[in-house]
Amino acid sequence: MTRWGLIGASTIAHEWVIDATRASGGEIVAVMSTNEERGKKYAAEHNIPKSVTSLDALVSDPGVDAVYISTTNELHKDQVLAAAKAGKHILCEKPLATSLADAHTMVDACRAANVVFATNHHLRNAASHTAMRDAIAAGKIGTPLAAKVFHAVYLPPHLQGWRLDRPEAGGGVILDITVHDTDTLRYVLGDDPVEATAFSQKSGLAKAGLEDAVMGVMRFKSGLIALFHDGFTTKYSQTGFEVHGTEGSLVGLDVMSQKPIGTVTLRNKDGETELKLDQKNLYENGIAKFHAAMAGKGKPAASGEDGLWSLAAGLAVAEAAKTGTAQPINPGL
Ligand code: NDP
């Protein structure tokens, strides 16, 4: 059984990852919080036997095999480097870092330490996205020409913190949501983005110069163009993911979600068919793959390199929105 240490007493671990880890056969043995009192309370609430306040105490614990890093984004790099040095396998939240150079340092350190390094891009673990990927690979829509990602949501009040006012922590909707869109597009299409253009919006919810919505277009290697709309500000929008090809279209509704929900319809010359989806918890699927990768069986759902790609795209979108000119997407791989 994999023994996990949590780096960060976070909301995402509380809402999804602790349960998913246990459901996938993992044990959570320790949590690190910089605040001793909060860490103790978090450990007690989640039935975690130990809470520590220093990174060193967590990564040097011989009873920990793997760590899950879900602190704010500017902290990921040093935490990954310390865990890799201590020989721990690492599941790190997205965006991997706030700069591409830092993310490269993280990927290189994990490779050198020979530990599994994964990025927690949960959406590629959804039945809906896998069904779309399989349908495209089977030629059901011919050659994909265009995609549309609708991922504008309303940021729940309990998450209205650093995402809205801390640029240095990687706040803003682009590093929060556009990185997920990029990873999902790469997964579903089996293609990589090369260029992005975007306009961002500051409607007042986000402060300190941060954007709270963005719309843009990415061009992929194949020539496909993908439209995306990400936001923290839209209370009543519906999420969606569409791919349109020469011979058909795939329309996913409610599929940009943490929950195992949504529908996917295939439309082609034969009419409309709703694809059968084997809906399962996305985070459980991801952790099960991580456990298998630790045992030498396959790869994690999204690797460190996948995290480099999504970060490179996010940074290019941010730059495009800032400068008003299209920017190349180059993860440096
Ligand atoms: P939180 O704001 O909940 O946690 C981040 C840090 O803030 C924690 O490490 C903790 O510090 C501190 N903190 C948390 N709650 C409190 C509190 N009540 N009072 C004071 N401090 C607190 O972050 P999220 O869970 O929203 O995000 C964490 C990471 O996960 C980010 O990288 C984010 O991008 C990613 N994420 C990924 C998702 C996915 O589906 N893949 C979804 C949501 C987030 P300390 O550790 O010192 O206790």
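Residue numbers count from 1 along this sequence. These numbers come from a predicted model, not from an experiment. Atoms within a ligand are numbered from 1 in the order they appear, just like the ligands themselves.
For atom 32 (O) of ligand 1, the nearest non-hydrogen atom of the protein is Asn73 OD1, 2.6 Å. For atom 15 (N) of ligand 1, the nearest protein heavy atom (residue, atom name, distance) is Arg38 NH1, 3.5 Å. Of the protein's heavy atoms, Gly8 CA, 3.5 Å lies nearest to atom 9 (O) of ligand 1. Scanning the protein heavy atoms around atom 8 (C) of ligand 1, the nearest turns out to be Ala9 O, 3.9 Å. Closest to atom 42 (C) of ligand 1 among all protein heavy atoms lies Ile12 CD1, 3.4 Å. Closest to atom 28 (C) of ligand 1, if we only count protein heavy atoms, is Ser70 O, 3.1 Å. Ranking the protein heavy atoms by distance from atom 47 (O) of ligand 1 puts Thr34 OG1, 2.5 Å first. Nearest protein heavy-atom contact of atom 3 (O) of ligand 1 is Thr11 OG1, 2.5 Å.
A distance-only check finds no donor-acceptor pair linking the side chain of His14 to the backbone of Ser10 [under 3.5 Å]. Using a distance-only test at 3.5 Å, with no hydrogens or angles considered, a donor-acceptor pair links the side chain of Glu211 to the main chain of Ile174.
For ligand 1, the polar-atom distance check against Ala13 finds no nitrogen or oxygen pair separated by under 3.5 Å. Taking only nitrogen or oxygen atoms, main chain and side chain alike, Tyr68 does not reach within less than 3.5 Å of ligand 1. For the pair Lys94 and ligand 1, the shortest N or O to N or O distance falls below 3.5 Å. Checking only distances, Thr72 never comes within under 3.5 Å of ligand 1, N or O to N or O.
Taking all heavy atoms of His121, Glu93, Arg163 into account, the minimum distance to atom 30 (O) of ligand 1 is reached by Glu93. The closest heavy-atom contact to atom 31 (C) of ligand 1, among the options Thr71, Thr53, Leu175, Asn120, comes from Thr71.
A donor-acceptor pair shorter than 3.5 Å can be found between the side chains of Asp212 and Ser203. Side-chain N/O atoms of Thr178 and Asp230 include a donor and acceptor closer than 3.5 Å.
Contacts between His76 and ligand 1 below 4.0 angstrom, taking non-hydrogen atoms only, involve the side chain exclusively. Looking at Tyr283 against ligand 1, only its side chain comes within 4.0 Å, counting heavy atoms. Contact annotation for Leu159 and ligand 1: only side-chain heavy atoms (C-beta onward) come within less than 4.0 Å of the ligand. For Trp162, every heavy-atom contact with ligand 1 shorter than 4.0 Å involves the side chain, none the backbone.
In summary, of the residues considered (Arg186, His121, His180), a side-chain hydrogen bond (donor to acceptor under 3.5 Å, both in side chains) with Ser310 occurs for His121 alone.
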### Message
The test is ring-ring contact (aromatic ring centres under 6.0 Å, His included); show your working for His151 and His229 and say whether it passes.
### Response
CA-CA 6 Å; His151 204 168; His229 174 203; over 10 Å; no
### Query
Does the pair Phe241 and His129 meet the rule for a ring-ring contact (aromatic ring centres under 6.0 Å, His included), with working shown?
CA-CA 9 Å; Phe241 189 105; His129 296 297; 5.2 Å; yes
### Message
Is there a salt bridge (charged side-chain N to carboxylate O under 4.0 Å, His left out) between Glu45 and Lys41? Walk through the geometry before answering.
### Response
CA-CA 6 Å; Glu45 271 170 11; Lys41 193 163 166 255; 3.8 Å; yes
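For ligand 1, the atoms sitting less than 4.0 Å from at least one non-hydrogen atom of Met32 are 46 (O), numbered in the order shown with element in parentheses. Using a 4.0 Å cut-off to heavy atoms of His122, the atoms of ligand 1 that qualify are 39 (C), 40 (O), 41 (N). For ligand 1, the atoms sitting less than 4.0 Å from at least one non-hydrogen atom of His180 are 39 (C), 41 (N), numbered in the order shown with element in parentheses. Near Gln258, with a cut-off below 4.0 Å to any heavy atom, the atoms of ligand 1 are 40 (O), 42 (C). Listed by number with element, the atoms of ligand 1 under 4.0 angstrom from any heavy atom of Ser33 are 45 (P), 46 (O), 47 (O), 48 (O).
Salt bridge annotation for Glu284-Lys280: absent, with no cationic side-chain nitrogen under 4.0 angstrom from a carboxylate oxygen. Taking 4.0 Å as the cut-off between side-chain N and carboxylate O, Lys140 and Glu247 do not count as a salt-bridged pair. Ion pair Asp183/Arg124 flagged as a salt bridge, since at least one NZ, NE, NH1 or NH2 atom sits closer than 4.0 Å to an Asp/Glu carboxylate oxygen. At a threshold of 4.0 Å, the pair Lys259-Asp254 does not count as salt-bridged, since none of the basic side-chain nitrogens sits closer than that to a carboxylate oxygen.
Less than 4.0 angstrom separates atom 21 (N) of ligand 1 from at least one non-hydrogen atom of the protein.
Applying the 6.0 Å contact sphere to CG of Asn114 captures no more than 12 heavy atoms from other residues, nucleotides or ligands.
Note: Tyr283 and Trp16 meet the aromatic proximity criterion, with ring centroids under 6.0 Å apart.
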